[in-house]
2 protein chains.
Amino acid sequence: MTAEATKVQIVEAADRLFYERGYEHTSFADIAAEVQISRGNFYYHFRTKDEILDAVIRRRLETTQAMLDGWEAEGAGPVERITSFIQILIVNQTKIMAFGCPVGTLTSELAKLGHPSQAGATGLFSLFRHWLARQFGLMGRDGGEADQLALHLLARSQGVATLASALRDKAFVEAEVQDMCAWLSAQVPVPTHLQ
Amino acid sequence: MTAEATKVQIVEAADRLFYERGYEHTSFADIAAEVQISRGNFYYHFRTKDEILDAVIRRRLETTQAMLDGWEAEGAGPVERITSFIQILIVNQTKIMAFGCPVGTLTSELAKLGHPSQAGATGLFSLFRHWLARQFGLMGRDGGEADQLALHLLARSQGVATLASALRDKAFVEAEVQDMCAWLSAQVPVPTHLQ
DNA sequence: GTCTATATAGAGATAGAC
DNA sequence: GTCTATCTCTATATAGAC
């Protein structure tokens with residue numbers, strides 16, 4: 001196995017375990033077992049736990065950006081694209097009901113640890129924030145307003161994810177997603193001649 | 001010091017530290033240092049970390065119920081009472097921007113740990129849920145609808161708390177609180193003769 | 001009830017053989 | 001690049017003196 005391929009496997013395993021078990025609760029031994037390498041070999045690729053966390057955050061930034069780019073390409077207009085965002089709660093329902101939102105739970109954990117990578121994790125929120133703001137901009141909202149709507153929707157989806165993992169209530173998630181879609185429709189400006 | 005008084009001090013310190021640093025990241029030594037007793041003495045009062053967590057959750061259930069009872073007594077009507085709930089985001093703003101919501105972050109952490117006290121922590125959400133549902137009931141909503149509104153508001157405040165601790169943006173919190181209050185006003189049924 | 005001292009397990013991290 | 005063996009530190013938890 002090339003060094004790079006092993007490194008990628010480690011980061012993928014760490015990414016999943018950090019999400020499912022939390023950063024602190026995941027040990028090198030856990031990750032090494034997942035990738036089926038020895039702890040010793042592990043240190044050839046990453047010297048500290050913080051280095052792995054940084055690599056995981058970088059990877060998440062990349063995959064998130066790729067996902068947003070995909071929605072941008074697929075979605076005919078801003079409403080369809082924002083709907084893709086809202087629908088993650090349905091698409092990833094099983095994992096979210098078990099472990100919450102990967103972004104929200106990581107930032108919360110790092111905040112309590114006072115961890116230096118907090119800023120990196122917050123960058124994940126920024127990606128969504130600016131992408132959403134751009135979409136609301138395309139819907140005719142000016143900069144400040146578009147950003148506020150983006151944060152609003154981001155907060156709502158965070159809240160649903162948190163309650164989803166606490167209550168494990170599928171119907172609740174679906175009702176909230178419906179409500180967010182309805183809210184989104186209400187944001188579409190009505191053409192002047194129909195008012 | 002009586003055994004009971006020391007025990008209370010331990011639970012108070014653990015409550016604060018579990019919130020600020022997280023459950024796993026808080027050690028017995030941390031709590032003992034806070035209460036200024038030795039680690040040895042500590043084990044006279046609590047034999048395992050799970051026992052402390054249970055005591056902390058019981059304490060939170062009590063203080064939360066007391067808070068809700070207080071709002072019930074003070075608030076003239078359901079709208080004023082629900083406003084008290086929304087305003088926690090302002091009243092506890094500093095701590096929430098630093099550590100998120102104590103209920104949401106604890107349930108998230110315990111979910112990832114697969115901890116047996118998950119149900120206890122979820123009980124904290126239930127307290128808010130049923131209290132809020134009762135208030136919406138007083139506003140004329142039937143049972144199912146009142147519960148859905150309660151969960152909706154609970155989710156929104158969770159989302160604001162999560163983003164607040166990630167972004168540390170006071171203006172965002174205040175704007176969302178304003179928006180929730182406006183939403184609440186819109187839930188007040190308009191008397192038939194004015195429609 | 002409170003202490004010091006200690007047992008034991010697991011973590012992160014390193015050294016050096018292959 | 002991968003391994004085994006080991007160091008060190010910190011955590012939970014216990015034993016027993018006072």
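Convention: sequence-line order gives letters A, B, ...; per-chain numbering from 1.
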Neighbour count above 12 (heavy atom, 6.0 Å) for B:R16 CZ: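 Enclosed.
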Pairs where residues 62-71 of chain A contributes a residue and the test side chain to side chain donor-acceptor pair (under 3.5 Å) is met, not counting sequence neighbours: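 Qualifying pairs: A:Q65-A:D69.
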Side chain to side chain contact (heavy atoms under 4.5 Å, CB included) between B:K112 and A:H25, intermediate numbers included: CA-CA 9 Å; B:K112 286 186 202 270; A:H25 193 59; over 6 Å; no
Integer-rounded Å distance: [N] [atom2] and [X] [atom1]:
X     : N      : atom1 : atom2 : result
B:H45 : C:dC3  : NE2   : C1'   : 12 Å
A:I37 : D:dT4  : CD1   : P     : 12 Å
B:D30 : D:dT12 : CG    : P     : 8 Å
B:R21 : D:dA11 : CZ    : C1'   : 14 Å

Ring centers of B:F46, B:F28 separated by less than 6.0 Å: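 Ring centres of B:F28 and B:F46 not closer than 6.0 Å.
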Pair A:R81 + A:E72, salt bridge at N-O below 4.0 Å: yes
Contact under 4.0 Å: A:H25 side-chain N or O vs C:dA11 OP1/OP2: no
Residue-phosphate contact under 4.0 Å: A:Y44 side-chain N/O, D:dT2 OP1/OP2: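 Negative; the distance criterion is not met.
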Sequence-aligned protein contact record of nucleotides 12-18 of chain C, with B where the base is within under 4.0 Å of a protein heavy atom and S where only the sugar-phosphate is: SBB----
Check: B:E24 main-chain N/O paired with B:E109 side-chain donor or acceptor under 3.5 Å: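 Yes; at least one donor-acceptor contact below 3.5 Å.
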